[in-house]
Structure formats: structure tokens, C-alpha cells
Trainee: 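Structure in C-alpha cells, see below.
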Protein chains: 2
Amino acid sequence: MQTHKPRITLKDIARNVGVHPSTVSRVLNPDTRKMVTKRIADRVIHASEQLGYRPNTFAQSLRTNRSYTVGVMVPDLTNPAFGPIIKGIDNVLEQSGYSVIVTNTDNVLEKEKRSVDKFHERQVDGLIIATARRLDDVVTTCLEEGTPFVLAVRSTIEKGVNSVVSDEIVGGQMIVSHLAQLGHKKIAYVAGPQFLSTGFERYQGYLQGLKNAGLKLDEDLVAIGDAFTEEEGRQAAIMINANQKPFTAIVAANDLMALGCYDELITKGLKCPDDVSVVGYDDMPFTRHFNPPLTTVHTPLLDVGMQAARILLERIWKPEQPARALKLQPHLIVRGSTGIPSSYSETGTKVTN
Amino acid sequence: MQTHKPRITLKDIARNVGVHPSTVSRVLNPDTRKMVTKRIADRVIHASEQLGYRPNTFAQSLRTNRSYTVGVMVPDLTNPAFGPIIKGIDNVLEQSGYSVIVTNTDNVLEKEKRSVDKFHERQVDGLIIATARRLDDVVTTCLEEGTPFVLAVRSTIEKGVNSVVSDEIVGGQMIVSHLAQLGHKKIAYVAGPQFLSTGFERYQGYLQGLKNAGLKLDEDLVAIGDAFTEEEGRQAAIMINANQKPFTAIVAANDLMALGCYDELITKGLKCPDDVSVVGYDDMPFTRHFNPPLTTVHTPLLDVGMQAARILLERIWKPEQPARALKLQPHLIVRGSTGIPSSYSETGTKVTN
DNA sequence: GACAGTTGTGCAAACGTTTGCAGCCCATTC
DNA sequence: GAATGGGCTGCAAACGTTTGCACAACTGTC
């Protein structure tokens with residue numbers, strides 16, 4: 001009963017209609033359909049539907065060197081931030097007939113290289129890279145090979161690279177500004193990896209924010225994590241606490257790290273936001289359900305994915321266009337994790353309610 | 001400067017070494033390498049590395065009818081439950097040289113069909129389907145076409161289908177048992193779509209659980225949502241509340257729906273777990289950070305993905321093997337959203353503290 | 001009625017592999 | 001020393017498309 005139906009080819013249709021395979025090819029290809037008489041075209045189309053023809057993409061790709069396939073590299077699929085991005089990418093690409101090959105690199109360089117190799121081997125028409133470091137081998141390789149690609153949610157040092165990110169520096173400033181307005185003066189920072197643009201620029205935004213608010217940087221209130229994870233956030237918070245300097249707020253480089261801070265505050269018996277305010281970054285799904293609901297900067301993740309895909313398509317069509325670096329505007333979402341500074345503040349005066 | 005390096009082919013290597021292309025092919029293919037003299041093989045390998053040879057996968061696939069590609073269909077990439085699953089899949093497949101094409105179907109049938117068509121067109125070697133309904137056209141199509149496939153996290157009515165799921169019925173029972181032990185007698189249920197195995201079986205587990213605990217089903221305490229979403233969970237909770245029957249606990253069909261219940265409780269001014277206990281299902285990432293931390297049934301999502309991939313590989317290798325329906329054991333994770341029943345309970349006795 | 005121009009179709013090569021078959025060479029055996 | 005056999009390698013076809021080119025058939029013009 002295992003009747004693997006025999007594949008229908010152009011030749012079959014041609015024979016059926018009484019015409020040459022190349023004619024069938026022309027009919028079935030939108031770009032060349034006009035070349036053949038309507039009468040014949042109709043018969044071909046009819047026959048192809050009747051027989052249930054499906055083009056053999058391998059043969060097509062072999063001939064044309066186009067795979068209608070795009071590679072997507074993400075660092076960690078369990079991070080809920082990447083779901084929306086991929087969804088956005090898939091949404092726009094599938095409309096143009098492209099398929100999306102996803103790969104998870106776990107933030108390990110070796111895997112990234114292997115992935116990009118694999119992608120080249122499969123001759124993807126383009127790449128969307130959400131794993132890029134500020135200085136990234138993979139990116140330079142792609143530049144050399146001339147593969148169209150765009151960075152999502154990350155940017156690199158070198159110029160002339162397509163990317164779509166949210167404006168991290170502005171985002172960082174908004175956070176500090178918000179806290180300053182509430183009256184916070186001692187604002188700690190749990191930084192992300194500085195070799196990632198997000199980690200680096202958000203920190204720059206924080207610094208700029210302090211300056212804007214007329215506050216001075218206290219290096220004892222800054223700790224840098226090695227990864228954008230809960231655990232690294234917790235470790236960083238522990239380090240800051242260990243410095244024994246008073247502070248009334250912690251800004252974390254992303255939502256996951258903020259959760260790590262939550263944990264550390266709890267173990268120290270500190271309440272958020274009563275004792276310490278906490279801010280995250282990304283507004284990943286369900287942050288509003290956290291305890292307390294997390295004040296954070298909303299990054300339009302779905303949009304990032306969609307725009308990245310659109311730009312990639314542009315580049316695939318016209319490779320010689322100048323690169324675009326798109327910056328989406330983030331916005332602050334104030335929730336329950338930030339409030340007016342408490343007794344813990346530098347003044348030593350207990351603020352009652 | 002746009003020096004798209006010319007692709008190196010078998011022929012190039014052959015010429016370089018002074019040997020026939022077919023010999024090169026045999027050397028580079030692990031299965032046939034032993035056919036050729038070590039001396040020549042070494043020279044071929046050397047040359048291929050030197051020239052930077054990359055096989056043309058299209059030509060290979062065209063010839064062999066194998067794409068080393070697997071399709072994965074998920075209903076909603078923004079649901080954090082699917083990240084881990086895909087990660088698991090990718091982990092094991094990439095080790096065997098397979099690439100993963102992901103597609104998001106938004107739970108709409110039309111898109112599912114289009115996706116599976118696309119997959120067939122691309123001649124994926126197999127499919128992992130996380131979108132299946134209990135009665136599913138796509139699944140029957142795949143059965144007919146003879147495409148190897150395995151369902152992840154879902155199962156269907158028909159027999160002889162590969163699947164890996166968690167034991168939903170047992171999970172459902174565990175929840176009720178837990179609540180009954182705490183002393184709950186009026187336990188409401190916010191059901192998921194009954195056309196999905198997860199929705200159906202978890203509900204069956206609930207019913208069985210009631211029976212085990214000697215409790216009677218009150219249909220006014222059950223509402224069925226149309227989707228596994230927060231919003232549908234909230235709507236269902238609203239409907240149950242509207243029935244005006246007392247209850248001390250709500251069991252939701254998944255974590256997202258449980259969050260919807262949280263919302264409804266808040267708007268009604270009810271506290272969880274003091275007034276009403278809430279239980280979810282899935283243990284998706286970060287449930288422990290919710291307010292309150294959600295008691296839920298842990299589904300080993302990463303494992304589901306990995307096992308699904310493994311079974312799929314088995315089927316690709318040996319298509320004639322009988323189907324496997326793997327059930328992973330779930331376990332209950334008790335957190336802060338469940339407690340002893342309150343004043344709201346049927347007895348009318350207010351439990352203090 | 002011959003010519004140029006246009007339009008539509010067929011021909012065949014090419015894309016880069018894999019693989020059954022044929023044939024060569026060399027070693028082994030009687 | 002001839003026959004047998006086994007181990008390596010080359011040959012060529014095939015996978016299913018796409019596409020430049022040639023050619024046939026028409027249209028319209030002088």
C-alpha cells in the first residue's frame with residue numbers, strides 16, 4: 001500500500017499536452033508565461049493541475065543558483081525574546097516564497113561558524129543574524145563571501161552592514177531619566193556582555209542618562225555579566241551588593257538579568273520596589289505578570305523581525321544598494337517594579353509611604 | 001571587489017589531482033571511500049581542502065532525492081513553550097547533518113496546509129508537527145504521501161502515528177489530586193480547545209482526577225476556551241464566575257490560560273491563593289516568577305523536541321518500522337498559587353491565615 | 001511576391017552530483 | 001603460463017530544470 005506516487009515532471013506534462021518541456025517550463029514560470037500563446041498556456045496549466053505537478057526545487061536551484069531559502073541564526077531559542085523575532089521573519093518571508101532555516105548557536109562561537117558554513121553549503125539566498133558580536137568573524141566572512149545578510153537586534157563595529165535594532169542608547173537614557181524623576185540618585189547597573197552591541201550600547205545609554213540627570217557614576221554600583229541570563233544577572237547583583245554601597249535602584253541590561261536581580265533582592269530580604277526599584281529591558285512576553293510587574297523598555301521584537309526580513313529581501317533583489325541600519329524607537333513601560341526611593345537612599349531619611 | 005569566488009566542483013578537484021570526478025565523489029562520500037586506494041584518497045582529500053571544496057547540495061539532492069532537511073510546524077512562536085521544543089529538535093538534528101525549516105501557522109488551518117505543501121515541494125526528508133488537531137487533514141495527507149513525520153506535544157485520534165507527548169491525563173489527575181489533598185472540593189476547570197489532544201486529554205485527566213478524589217463534576221464550573229491563550233483563559237474564567245457558583249480553585253489547561261485567570265481574579269478583587277488557588281500546565285519558562293509563582297505541571301519541552309527528532313531520524317532511516325507513541329512523564333511543581341481553601345469554600349467556614 | 005520584422009516553439013546544453021557497469025591491472029592458483 | 005578472480009578506476013547516463021539560440025510561421029509593407 002506504500003504507494004509513493006511517482007513524481008510528475010515537466011516532461012510528463014509536456015507529453016500529456018503534446019508540447020516541448022521547455023514550453024511547459026515557460027508557462028509555469030510567471031516571468032516567462034507571456035512568451036507562450038494563451039491557448040497552449042491554458043492547456044498546460046490545466047494539465048499541470050490535473051496531474052498534480054510540483055516543481056522539483058533541487059533541479060530549479062541547481063539551474064538557477066537560487067534556493068529561496070534564508071538562514072536565521074539565534075543565540076538561544078529558550079529566550080522568549082527570539083520567538084517573536086522569528087515569527088516576524090517567517091511572516092514576511094513566506095509571503096515571498098522563502099523558507100526559513102533556523103539554527104540555535106547557544107552563544108558559542110564554534111557553533112556559529114559551523115552554522116554559517118552549513119548555510120553557505122546549502123546556498124541560502126540570505127542570512128539573518130541575531131547572534132552577532134560587536135566584532136564578529138561570522139559577519140566579516142559574510143561580507144567577504146558577498147552573502148546578503150542583515151543583523152537583527154544586534155549591530156557590529158564595522159560600517160556598511162545591514163541591521164535593524166532598537167535604539168539602545170535612547171532606551172538606556174529613558175530608564176535613568178525615569179528613575180531620576182522618581183528621585184533616585186544611587187542607581188546601580190547590571191550590565192550585559194560588552195562584546196555585544198546590546199550590552200554595550202545599553203550601558204552607554206545608562207552612562208549618558210546619568211550625565212543628563214546630573215548624577216555621577218559610581219563604579220562600585222556597576223557589575224558586568226557574561227551573558228544575558230537570569231543567573232548572570234543574579235551574580236552581578238550579588239557583586240554589587242558585596243560592595244556595601246547604598247543604592248535605591250538597579251537597572252538591568254535585559255529582562256532576564258532583571259529577574260536575576262529579583263532573586264538576589266529576595267535573598268537579601270529587600271522588597272521591590274519599596275526598598276529597591278528594578279528595571280529591565282526588552283519587554284519580553286509576560287513581563288507584566290512578574291512579581292512585581294517589571295518596568296522595562298519595550299523593544300518591538302516582532303517588528304524587528306519583519307523589518308529585517310524586508311531589508312534582506314531588498315538586498316537579495318538588489319545586492320548593490322547601500323546598507324541600511326534601521327533603528328526602531330523603543331519606549332518605556334512603567335510597571336510595578338519602580339517607585340520612589342526608600343529609606344535605603346543616600347540621604348538616610350526614611351520615606352514613609 | 002565583489003569577487004564572488006567561483007564555486008569549486010568535483011571536476012575541479014579531479015582535474016587538479018589527475019583523476020576522474022567519480023573517483024573524487026567516492027572519496028568524499030564516507031560510504032564509498034573504502035572503494036578507492038588510500039594513496040589517491042589522501043591526495044583527493046588534500047586537494048579538496050586546499051581548494052575549499054563545498055558540495056553542491058542541490059546537485060546531491062537532485063541525484064539522491066534526499067534533502068537532509070526537516071520541516072517543523074508550530075502554531076505560535078510567541079508562545080515560549082515552543083522555543084525549547086525547537087531547540088531540542090535542532091540540537092539532535094544538526095548533529096546528523098540535517099537542517100531545520102521552521103514555520104509558524106498561527107493556528108490557522110489554511111496556513112498549515114500551505115506549509116505542508118511547501119515542505120513537500122522542498123522535499124523535506126521528514127516533518128515534526130506541533131500543530132496537529134485530534135483529527136487533522138495535514139496528518140492524513142502525510143500518511144498518504146508516506147512522508148516520515150512525528151507529532152510533538154500533540155497526538156491524533158488515528159493509530160499508527162509517531163508522536164511524543166507528555167502524559168496529559170496523568171498530569172491532569174496529579175493536579176486535582178494535589179488540590180484535593182489541600183482540601184479543595186469545588187474545583188473549576190478552564191479547558192483548552194477540545195479539538196486538540198492537549199486540551200482534550202488534560203480535561204479528561206481533570207475528570208478522572210475528580211473521580212479519584214470522590215468529587216462530583218459541576219458543569220457550571222467548567223468553561224472551554226477556543227485557544228490556548230491568555231485572553232481565552234480570561235474569558236473562560238469570566239464565564240465561570242458568571243455562573244455564581246462558589247469554587248476555591250481553578251485549574252487551567254495551560255500556563256497562558258492560567259495567567260488569564262489571574263487577571264480575572266484581580267478584577268474581581270480575589271486574591272490568589274488566599275481566595276482561589278490556580279494551577280497551570282506546561283511549566284513554560286519563568287512561571288516561577290509570576291505573581292504568585294504558578295503551580296503547574298512540568299512538561300519536559302526540551303526532551304519532547306529531542307525525542308521527536310530522534311524518532312524522526314529512526315523513521316527516515318527505516319520507514320517501515322512500526323510507529324512509536326512516546327509518553328514522557330510529567331511532574332507537578334507546587335509553587336505559590338495553590339494553598340488551602342479559604343472562606344470562599346462550600347463549608348462557609350472562614351479559614352484564618 | 002519577396003522582404004523584414006515579429007512572435008512563438010523546439011532543441012540541446014548546462015547546472016554538479018551519484019552510481020551501475022565495463023574494463024583494466026595485478027595477484028593468485030592450478 | 002594460462003585461467004580465474006578481485007580490487008580500483010573510468011565512463012556515461014541520469015536526476016529535472018532553465019535558457020540562449022535557431023528556426024518556423026505568421027504579419028505587414030513596399
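Sequence lines set the chain letters: A, B, ... in the order given, protein chains first and strands last, and positions in each chain run from 1.
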Trainee: Is it true that B:Asp42 and B:Lys38 have a side-chain N and a carboxylate O under 4.0 angstrom from each other?
Mentor: yes

Trainee: Rounding to a whole Å, what distance do you find between A:Phe58:CZ and D:dC15:P?
Mentor: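 A:Phe58 atom CZ is separated from D:dC15 atom P by 16 Å.
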
Trainee: Without decimals, in angstroms, what is the distance between A:Asn65 CG and D:dT19 P?
Mentor: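 Result: 11 Å.
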
Trainee: Under the side chain to side chain contact (heavy atoms under 4.5 Å, CB included) rule, collect the residues that match up with B:Arg33, sequence neighbours excluded.
Mentor: B:Val27, B:Ile45

Trainee: Considering only heavy atoms, which members of residues 29-53 of chain A lie under 4.0 Å from some atom of DNA chain C?
Mentor: A:Met35, A:Val36, A:Thr37, A:Ile40

Trainee: For the pair B:Lys118 and A:Glu94, find out whether any cationic side-chain nitrogen is under 4.0 Å from an anionic carboxylate oxygen.
Mentor: no

Trainee: Check side chain to side chain contact (heavy atoms under 4.5 Å, CB included) between B:Ser61 and all other residues, then give those that pass, not counting sequence neighbours.
Mentor: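 Scan of B:Ser61 (side chain to side chain contact (heavy atoms under 4.5 Å, CB included), adjacent residues dropped) gives A:Phe58, B:Ser67.
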
Trainee: Find the distance A:Arg7:CZ to D:dC15:C1' and express it as a whole number of Å.
Mentor: 11 Å

Trainee: State whether B:Asp12 and B:Arg7 are salt-bridged, where the test is any N-O pair (Lys NZ or Arg NE/NH1/NH2 against Asp/Glu carboxylate O) under 4.0 Å.
Mentor: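 No, B:Asp12 and B:Arg7 are not salt-bridged.
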
Trainee: Can you list the residues that meet the side chain to side chain contact (heavy atoms under 4.5 Å, CB included) rule with B:Asn29, with sequence neighbours excluded?
Mentor: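 Testing B:Asn29 for side chain to side chain contact (heavy atoms under 4.5 Å, CB included), a comparison that skips the adjacent residues, returns B:Asp31, B:Thr32.
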
Trainee: With sequence neighbours excluded, what pairs up with B:Arg134 under the side chain to side chain contact (heavy atoms under 4.5 Å, CB included) test?
Mentor: B:Ile157, B:Ser197, B:Phe200

Trainee: How long is the line joining CG of A:Asn56 and P of C:dC15, in whole Å?
Mentor: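 Those two atoms, CG and P, are 18 Å apart.
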
Trainee: Count the heavy atoms belonging to other residues, nucleotides or ligands that lie under 6.0 Å from CG of A:Leu135, then report whether that count exceeds 12.
Mentor: no

Trainee: Using a strict heavy-atom distance below 4.0 Å, which residues from residues 8-28 of chain A are in contact with DNA chain C?
Mentor: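 Heavy-atom cutoff 4.0 Å gives A:Val19, A:His20, A:Ser22, A:Thr23, A:Arg26.
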
